[in-house]
Every structure is written in C-alpha cells, then in structure tokens.
Amino acid sequence: MTHFRSKRLSRPRRGKVVAAVLGLVAALSLGAIGDAQAAPSARAVPAADRWTDRPHGFASLAGGTTGGAGGKVVTVTDQAALAKYAAAEEPYVIRVEGALEMDPFGTEIPVTSDKTIIGVSDTAEIVHGGFTLDPGTHNVIIRNLTIRDTAIEGNWDCKDTDYDGIRLDTAHHVWIDHIRFSRICDGQLDIRKDSEYVTVSYNRFTNNNKTFGIGWTPNVRTQITVDHNWFTGTKQRNPSADNCAYAHLYNNYLSSQLSDGDPVWTYGNWSRGKTKMVIENSFYDGVQHPYQADATAELVQRGSILRNTTGRHDAWGAAFDPREFYAYRLDPAAAVPALVKRFSGPQKRIGGPVELRVPAAYPTVQSAVDAVPDGNDTPVTIAVAPGTYREKVYIPASKPHLALRGTGRDRSDTVIVFDTPAEYGGSTGSATVRIAANDVTARNLTFSNDFDEAAHELKGEQALAMKTTGDRIVFEDTAFLGNQDTLMTDSPKLTTLSRVYVRDSYIEGDVDFVYGRATTVIERSVIRALSRGSDTNNGYITAASTWKGNPYGFLITKSKIVSDAPAGTFHLGRPWHPGGEPDAIAQVLIRDTQLPAAVKSSPWTDMSGFSWKDARFTEYRNHGPGAGVTADRPQMSDAAARTHTVAYYLEGTDDWAPYARHH
C-alpha cells in the first residue's frame, strides 16, 4: 500500500535540543583537559555538588579520576567478594553494604586500577582492616565508608603492626572522599612514595595518633588537595606533608586535639622538606602548632580562623597559586565547622541507588545498560544528559530494576532515535528501544523511530520507537514518535501478563501505533493521530491482541486524542490476532477522554478477517467533537466502569500501584 507523507508533529523546542547538543559537545571538549585550564576565578557550585560523583582538585587533572566508571556495578556484603572485585583486572563499581569484618585482624584489601569502592548509605563499614594501593595502581575512588578499629590497646606508636586505614604507594589519580576513620593503628591515611594527583575531601579523622601522612621520599612529586575534612581527637599528622610538590589544604576543621603534654609531636599541619603548601580558610580550635614549616619548605596561609591555639604559626615563601591548576569553591572560614560537621564522613545520600551517567561516564545509553550486572537486584538509574542519541537500546530480561532518566528540562531535550523499518529485521528488530526486563521506568525522554515511510516503498514499513515485553514498566513524561507501530506493549507469550503504565506522555503515529497484548494504561496523555493524506482512511490508533483470559487490555483514560486528519477518517482501533491466533481477543476501553473530529462515527473496524464485534471494544463518558453514542460505538455500563479503572488494570496479584504517588 502506498503511504502518503506523514504530517509528523514537529518536535517541540527543537532549537533547545540543538543548543543542548552543542553544549554537550563543548562540555565533552573541556572534559579532556579537566579543570586545569578553567577560568582562574572560583566558580559558584551548588550545595548538591558536595555529593558529586566527580572529583575536584588535583585528582581531576591530567586525564582525571573516574574510578570504575564504565565497568560492572556489583554489591558486596562480605570480605571475599570485596577482595575478589577489588583485585580484578577490569573496571568495577563496588558497592559495600553493611559492616564487613576483616579476617585475619588488620587485613588490608589490595585495590587495583580502575575501581570505585563506595559504601551504600551511611552504614557501610570496614572493621579491623583497610585498603592498600600498590605501586602503579591508578584511577581509584574510595568513598562513603567507615574504616575503623585496628588499634591495639597499649600500642600507641604501632611500629610493630602498621595497620593502615588506606595506604597508597606510588599510586596516582586517587580520590578519597566522605570516609570516617577511627582508631586505626598505624596511619588512618598514608599517601606515600611519590603518589600523585590525589584529592582527600569531606573525610572525618577521629581518635588517632599518626593520622594522615604524605610523602617520605626526596623526589618532590606528589600533588594533593585536602579540603573539608574534620580532624577531631587526633594527635599528629593532620596532615603532615613531606617533600610534596604541591599541597593545597583548604576549609579543613581541626578541633579537640589529643593532648598528652608532648611539646613537639602534637600538631596540626606540617610542611616538611621541600613541600610547597597553601592553607586557606581553615578553622583551628584548641590546637597546638596549628601550622608549621621546615626552613626548606614553603607555607602560605590566608583566611583561616584560630581559637585558643599555641605554639608555631609558621608562614614563609610564596608556595604556589592553586587557581593556576584548577578552580574550586572556597567557603568562609567561619562556616567551616558547621559545614564539615554536617557533610564530612559517610552520607545517606551517597552510595544509594546507583546512577550511571551518559555520556559523562558511558558514551552511549546501551553501554550504560551493558554495565549493569545480570541478575541486578539494586535500583540503577541511567541518567542521560540532553542531546540526541542515535542508537538502538536493548534492556534484556536479565537486567531488571532500571530507570532511564533524561536530565534536561524538557523531554524533548533528550532523544533516543533510530530509523530501522521492519523490512530489515522484522517488527521487533525495527524497535529503537526494546525493554524485556521487569521493573523498568523511563522519565523525561523522547523515543523515536524516524524512518521516513513516505520516502520508501517497502513491504515492511512498521517502525517501532518502543517495544516492551517486561512487567511493571512505567513511562512518565515521555514521548513516542513514529508512524506505523510506534509503541508496542507486549508480553513474552500470549498467556503471560505484563503491565505498562504511561502517564503525562505523548504518543504519535498513524497505523496501529499503540498495539500489543500487555495490559496497558495510558493516563493524562496526548495521543496524536497523524494524517496520511487520505480523505477516507488515515489509520488506526490501537491494535490490541489481549489474551482472552485477561480481562484488562488497553485503557486510555483522562487523555486527549488530537489529529490533523480530515473529519471522519480515523479509527479508534481494530482487533489484532497475531498469526491468526484465535485466543487473542482485543480489549480496549477509552474513557473520560477528548476525541477529535477525525474519529469515524463507526470507529472500530475489522482486521485480517476477524470482526471487531467479537473483540471487547468499549467507550465510557468520552467528549469532544469525535465523541458519540451509536449502535457501532459500544458504551461500558456504570457498573462495569467501576471495575475498569487504573487500579484494577494494574494491580495484578502483587498490588502494583505505580500511579499512587499521583492520585
């Protein structure tokens, strides 16, 4: 059959999409050089940035630190699993859940390159042990954990045990963030042997002697940023920096210093050897020797607040200007105690549901899907930045609990699109996006198949924007763009029930463009029936193939159907019996919905020899110029309508209620 040219609705706010793409390209270009070449003045950063998953400071330079981004995401609850994934050759994002007690006592888990180790919420702990990064290890992020209790009573110096919380030896590009260290023997954090490009931020160092040391070679290579940390109940090395090329300390809080009467080795910050150290806007409360420098070192201090401090307050030399390396937020020193008390150490908001960012961490949507482990039991959000992603996406049944979320201001800002027709790969193979997994949600996105049916003469011109076969699928604030067979909501087989909930969305097409056998609710949405240029028949909105044993097929409710087709030229639907299957008895109810003049006065029609009168087609309280009550328009009774609501369609045997947050 010849298809007339589609009157495809022009994409809303298209200019904004283009602008977003250009902005994305610019952002990607800057991403390769990091913050080193950013504007020299400090940037205003929102409070939420205190939980950003991208490091700042020196760890952001020279290629940056991404940890396990791009690798599999795993959740570990025991030492064996943690050790296995931490030592793997390939990248991993390792989520630590609960308290993991190390055996034997003092075990330090070796961590290899390209790893993110992150605690789930604020309850993840490494007890009686820690981590070590051996020479050559690079690109590691360790975040949101408590590391505690390797101290041995009476062994204050720990010379014969040396159990570190985290130790780096000649490692580079490492970010240590939101860790609580407590009662560690020896160093809570030791950054040694020319480790480079390190950032230590928002950590809480408590109850320790030798707290945080840096350096211990004559080579003057280490570059380190230390910011927004709280040192409380500690004695020395808060931190000390030995022969560091650059040590930038800002917005740190030192309080309640342990005092055992030691006149020398109880101190705050120490610039040792040939270190160049800059201290900015920190807060020292009751600290002996708050900051000091060797004669061979340099130390610049500015903007800090000192209360009840004694001993050395050294400052000499020019050191360096951190803003020549990176931009950063500098909080007022007076605000530091409150900020650090609130935000340092593990946080509930970090390490919760996993978020994979496209294209910041994953170049394509499919690559982010591929990073989710089979059998995933953890909610994973794939956050897609504004732009147009020309790719096909498949979420297999083995990857449930996913959410696709566009991060733009409008659903038209983030578009996943391809142009395959059924002629090449069949109807399923034409789909731009296929969702076979259960428990998948999509929000604030546009799904499109932009195959141009008017420009081609093919046997198979079906071109799906979306096909689902999973159960408990939610689409909110989404758009589905296509012509024939735009949105297919299906199930793995005829007698298997799958449910789909579409709300506050937009669907367009011409022939059978909402179809399949899944129980599907479309609520508070706009459905656009596109004109194919005919004066008599421009198409069919629905083509349901509901199993006869399922009382609930398609429900379109509280929605608006619009069309640019001539009056009386569009059908509400026809019954689809795939492969002539007699037990596929369509069920469609359109209720409380506005209908356009384009709807035919006899809106249901036959298909492939099957009569529409044998299907379960009804309307209830529709309105608008296309609404009407005739012999060819079955109306549902008030009594039946009470059991044909959103809740009844979706509840199943597990009381699924995705609409609850709206109703």
Hey, does the side chain of [X] reach the backbone of [Y] with a donor-acceptor pair shorter than 3.5 angstrom?
| X | Y | result |
| --- | --- | --- |
| Arg95 | Val76 | no |
| Ser563 | Ala529 | yes |
| Lys600 | Thr536 | yes |
| Glu523 | Val502 | no |
| Thr542 | Ala544 | no |
| Asn550 | Trp547 | no |
| Ser559 | Ile556 | no |
| Asn449 | Thr420 | yes |
| Ser430 | Ser427 | yes |
| Thr52 | Arg54 | yes |

Tell me the salt bridge (Lys or Arg N to Asp or Glu O under 4.0 Å) pairs involving [range], sequence neighbours left out?
| range | value |
| --- | --- |
| residues 472-488 | Arg411-Asp477, Asp439-Arg472, Arg443-Glu476, Arg472-Asp654, Glu476-Arg661 |
| residues 353-363 | Asp53-Arg357, Glu355-Arg405 |
| residues 635-649 | none |
| residues 582-597 | Lys548-Asp583, Asp592-Arg621 |

Partner set under side-chain hydrogen bond (donor to acceptor under 3.5 Å, both in side chains) for [X], not counting sequence neighbours:
| X | result |
| --- | --- |
| Asn438 | none |
| Thr618 | none |
| Thr478 | Ser505 |
| Asp655 | none |

With heavy-atom distances below 4.5 Å as the criterion, would you say the side chains of [X] and [Y] are in contact?
| X | Y | answer |
| --- | --- | --- |
| Ile118 | Ile350 | yes |
| Thr432 | Asp419 | no |
| Tyr649 | Leu589 | yes |
| Leu650 | Val521 | yes |
| Val588 | Trp604 | yes |
| Met607 | His577 | no |
| Ser601 | Thr630 | no |
| His456 | Phe451 | yes |

Requested in this report: Step by step, work out the side chain to side chain contact (heavy atoms under 4.5 Å, CB included) result for Arg499 and Tyr501.
Outcome: CA-CA 7 Å; Arg499 292 159 293 174; Tyr501 180 53; over 6 Å; no

Requested in this report: Tell me, please, which residues at least two apart from Lys115 pass salt bridge (Lys or Arg N to Asp or Glu O under 4.0 Å).
Outcome: none

Inter-residue atom distance [X].[atom1] - [Y].[atom2], 0.5 Å rounding:
| X | Y | atom1 | atom2 | value |
| --- | --- | --- | --- | --- |
| Phe610 | Thr605 | CZ | OG1 | 14.5 Å |
| Asp114 | Asn139 | CG | CG | 4.5 Å |
| Ser525 | Ile507 | OG | CD1 | 6.0 Å |
| Leu404 | Thr441 | CG | OG1 | 9.0 Å |
| Met636 | Tyr620 | CE | OH | 9.5 Å |
| Glu97 | Thr75 | CD | OG1 | 6.0 Å |

Report task. Start with the C-alpha gap between Ile473 and Ile435, add the side-chain angles, then the distance that decides, and say whether side chain to side chain contact (heavy atoms under 4.5 Å, CB included) holds. Result -> CA-CA 9 Å; Ile473 309 298; Ile435 301 175; 3.9 Å; yes

Query - side chain to side chain contact (heavy atoms under 4.5 Å, CB included) between Val365 and Val384, intermediate numbers included - result: CA-CA 7 Å; Val365 178; Val384 188; 4.1 Å; yes

**Report entry** Considering all heavy atoms, the nearest Ala598-Ala565 contact
**Finding:** CB-O, 3.6 Å

Query raised in the report: For the residue pair Tyr389 and Pro359, what are the closest heavy atoms and their distance?
Result: OH-CD, 3.6 Å

Query raised in the report: Is any NZ, NE, NH1 or NH2 atom of the basic residue among Arg390 and Asp450 found under 4.0 Å from an Asp or Glu carboxylate oxygen of the other?
Result: yes

Query raised in the report: Do NZ/NE/NH1/NH2 and the carboxylate oxygens of Asp606 and Arg574 come within less than 4.0 Å?
Result: no

Quick one about [Y] and [X] (side-chain donor to acceptor, distance below 3.5 Å, no hydrogens or angles considered), yes or no?
| X | Y | answer |
| --- | --- | --- |
| Gln587 | Tyr552 | no |
| Asn538 | Thr569 | yes |
| Thr428 | Lys467 | yes |
| Asp632 | Ser602 | yes |

Donor-acceptor pairs under 3.5 Å, side chain of residues 486-494 to any protein atom, not counting sequence neighbours: which ones?
{"from": "Thr486", "atom 1": "OG1", "to": "Asn483", "atom 2": "O", "distance (Å)": "3.4"}
{"from": "Thr486", "atom 1": "OG1", "to": "Glu508", "atom 2": "O", "distance (Å)": "2.8"}
{"from": "Thr489", "atom 1": "OG1", "to": "Thr520", "atom 2": "OG1", "distance (Å)": "2.7"}
{"from": "Asp490", "atom 1": "OD1", "to": "Arg517", "atom 2": "N", "distance (Å)": "3.1"}
{"from": "Ser491", "atom 1": "OG", "to": "Lys493", "atom 2": "O", "distance (Å)": "2.8"}
{"from": "Ser491", "atom 1": "OG", "to": "Thr496", "atom 2": "O", "distance (Å)": "2.9"}
{"from": "Ser491", "atom 1": "OG", "to": "Arg517", "atom 2": "NE", "distance (Å)": "2.8"}

Query - Non-neighbouring partners of Phe475 that pass ring pair (Phe, Tyr, Trp, His ring centres under 6.0 Å), sequence neighbours left out - result: Phe480

**Report entry** Verdict with reasoning, Ile522 to Leu555, per side chain to side chain contact (heavy atoms under 4.5 Å, CB included)
**Finding:** CA-CA 6 Å; Ile522 300 173; Leu555 169 62; over 6 Å; no

**Report entry** Residue pairs, two or more places apart or on separate chains, that pass side chain to side chain donor-acceptor pair (under 3.5 Å) and touch residues 607-616
**Finding:** none

Query raised in the report: After noting the C-alpha distance and the side-chain angles of Ser398 and Asp374, does the key distance pass the side-chain hydrogen bond (donor to acceptor under 3.5 Å, both in side chains) rule?
Result: CA-CA 5 Å; Ser398 60; Asp374 287 344; 3.0 Å; yes

